[in-house]
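Single-structure report; data block below.
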Amino acid sequence: MKIIKHLNPVAGENTYLVANEEALLVIDPGSDTQGLIQKISNLKKPVAAILLTHTHYDHIISVDVIRQKFNQPPVYVHPLEADWLGDPSLNGSARHPELGDIIISPADVLFENGRAYELAGFHFRVLPTPGHSQGSVSFVFDEEMVVFSGDALFRETIGRTDLPTGDFDTLINSIKSQLLVLPSRYDIHPGHGFSSTIGHEKTFNPFLR
């Protein structure tokens with residue numbers, strides 16, 4: 001499995017393109033729409049799905065364009081945030097008039113917490129990691145020992161909890177009960193900033209000691 005990180009200019013959000021021999025997954029398509037289209041096109045693989053760790057505006061800006069450009073791949077989201085896609089007051093874009101209202105078409109599939117998914121040769125689990133937002137999830141690829149943590153867990157810090165439906169205690173509990181129980185060697189690819197490992201966060205993250 002190959003992982004390509006694309007850094008988007010709005011909020012420094014990370015989009016991940018995850019490729020295997022068969023297809024491609026797009027995780028949290030952010031603001032650099034043309035850059036993402038170019039990278040996806042260069043990989044010359046069909047997009048099997050668009051996976052959303054949560055639906056804050058910076059993680060969803062390019063969803064519909066990628067859908068239209070790459071043969072309407074299904075969009076997956078947690079049911080608690082399905083309505084946020086089409087509501088700027090919920091996805092946070094209403095607070096940023098310079099961007100305009102971000103309104104995304106409805107998702108195709110609603111995640112089930114804890115379920116294992118198989119898509120185009122990819123195998124991953126969806127873990128509920130609320131606290132940054134009520135429907136935040138993380139994706140765990142056990143065969144590759146990789147976690148995509150969205151805005152729950154970052155390198156040596158955690159996601160902000162001062163936005164609507166955010167809660168500090170809930171986030172800490174999510175990280176400790178869902179992510180820190182994974183083996184220390186698992187790599188973490190967060191929604192912002194640099195990659196890490198579970199072991200590194202256990203040792204150096206000041207919020208988790």
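Remember, it's a predicted structure, so these values are computed and weren't measured experimentally.
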Glu143 and His123, any side-chain heavy atoms less than 4.5 Å apart: yes
Cluster link Ile66 to Leu43, ILVMFWY, side chain under 4.5 Å: yes
Side-chain donor or acceptor of Glu81 paired with backbone N/O of His54 under 3.5 Å: no
Expected output: side-chain Ser93 to main-chain Ser89 donor-acceptor under 3.5 Å: no
With Ser184 via side chain to side chain contact (heavy atoms under 4.5 Å, CB included) - residues at least two apart: Lys202
Side chains of Ser138 and Thr129, donor plus acceptor under 3.5 Å: yes
Check: Leu80 main-chain N/O paired with Gln134 side-chain donor or acceptor under 3.5 Å: yes
Which atom of Ala19 lies closest to which atom of Leu24, heavy atoms considered: CB-CD1, 3.9 Å
Throw together a table of side-chain donor-acceptor distances under 3.5 angstrom for residues 99-106, partners on residues two or more places apart or in other chains.
residue	atom	partner	partner atom	Å
Ser105	OG	Asp64	OD2	3.3

Inter-residue atom distance Gln72.CD - Ile50.CD1, 0.5 Å rounding: 8.5 Å
Asp83 backbone acceptor or donor facing Asp87 side chain under 3.5 Å: no
All side-chain hydrogen bond (donor to acceptor under 3.5 Å, both in side chains) counterparts of Asp167, not counting sequence neighbours: Thr170
Heavy atoms of other groups near Asp162 CG, more than 12 under 6.0 Å: yes
Remaining members of the apolar cluster that contains Leu90, side-chain heavy atoms under 4.5 Å: Trp84
Pairing residues for Asp108 by the side chain to side chain contact (heavy atoms under 4.5 Å, CB included) criterion, not counting sequence neighbours: Arg67, Pro74, Val75
Arg209, CZ: over 12 other non-hydrogen atoms inside 6.0 angstrom: yes
Main-chain N/O of Thr15 paired to Lys5 side chain as donor or acceptor, under 3.5 Å: no
Lys2, NZ atom: more than 12 neighbouring heavy atoms under 6.0 Å: no
Check: Ser149 side chain, Ala152 main-chain N or O, donor-acceptor pair, under 3.5 Å: no
Partners passing side-chain hydrogen bond (donor to acceptor under 3.5 Å, both in side chains) against Ser195 (at least two apart in sequence or in another chain): His189
Under the side chain to side chain contact (heavy atoms under 4.5 Å, CB included) test, residues paired with Pro9 that sit two or more places apart: Ser31, Asp32
With sequence neighbours excluded, residues passing side-chain hydrogen bond (donor to acceptor under 3.5 Å, both in side chains) with Thr157: none
Side chains of Leu163 and His132 in contact at under 4.5 Å (non-hydrogen atoms): yes
Side chain His96, main chain Glu98, donor-acceptor under 3.5 Å: no
Side-chain heavy-atom pair Asn14, Asn8 within 4.5 angstrom cut-off: no
Under 4.5 Å side-chain linkage, directly or through intermediates, the cluster mates of Phe139: Met1, Ile3, Tyr16, Val18, Leu25, Ile27, Leu51, Tyr76, Val109, Phe111, Tyr117, Leu119, Phe122, Phe124, Val126, Val137, Phe141, Val146, Phe148
Student check: side-chain heavy atoms of Asp28 and Ile60 closer than 4.5 Å: no
Contacts of type side-chain hydrogen bond (donor to acceptor under 3.5 Å, both in side chains), residue Lys39, not counting sequence neighbours: His6
Check: Pro190 and Arg155 side chains under 4.5 Å, non-hydrogen atoms: no
Backbone N/O of Leu7 and side chain of Glu13: donor-acceptor pair under 3.5 Å: no
Linked, directly or transitively: Ile4 and Leu52 (ILVMFWY side chains, under 4.5 Å): yes
Donor-acceptor pair, side chain of Thr165 and main chain of Ser133, under 3.5 angstrom: no
Any residue meeting side chain to side chain contact (heavy atoms under 4.5 Å, CB included) with Ile37, in chain and number order, not counting sequence neighbours: Thr33, Gln34, Ser41, Val65, Lys69, Phe70
Short side-chain to backbone donor-acceptor contact, His56 and Gly92, under 3.5 Å: no
Cluster companions of Val140 among Ile, Leu, Val, Met, Phe, Trp, Tyr (side-chain spacing under 4.5 Å): Leu127, Met145, Val147, Leu153, Ile158, Phe168, Leu171, Ile172, Ile175, Leu179, Leu180, Leu182, Tyr186, Ile188, Ile198, Phe207, Leu208
Gap separating the NE2 atom of His78 from the CD atom of Glu112, nearest 0.5 angstrom: 10.0 Å
Atom of Ser177, atom of Asn173 and distance for their closest heavy-atom approach: OG-O, 2.7 Å
Heavy-atom pair of closest approach, residues Val77 and Ala107: CG1-CB, 3.4 Å
Side-chain H-bond candidate by donor/acceptor type, Asn205 with His200, under 3.5 Å: no
Ala11 to Asp58 - nearest heavy-atom pair and separation: CB-OD2, 3.7 Å
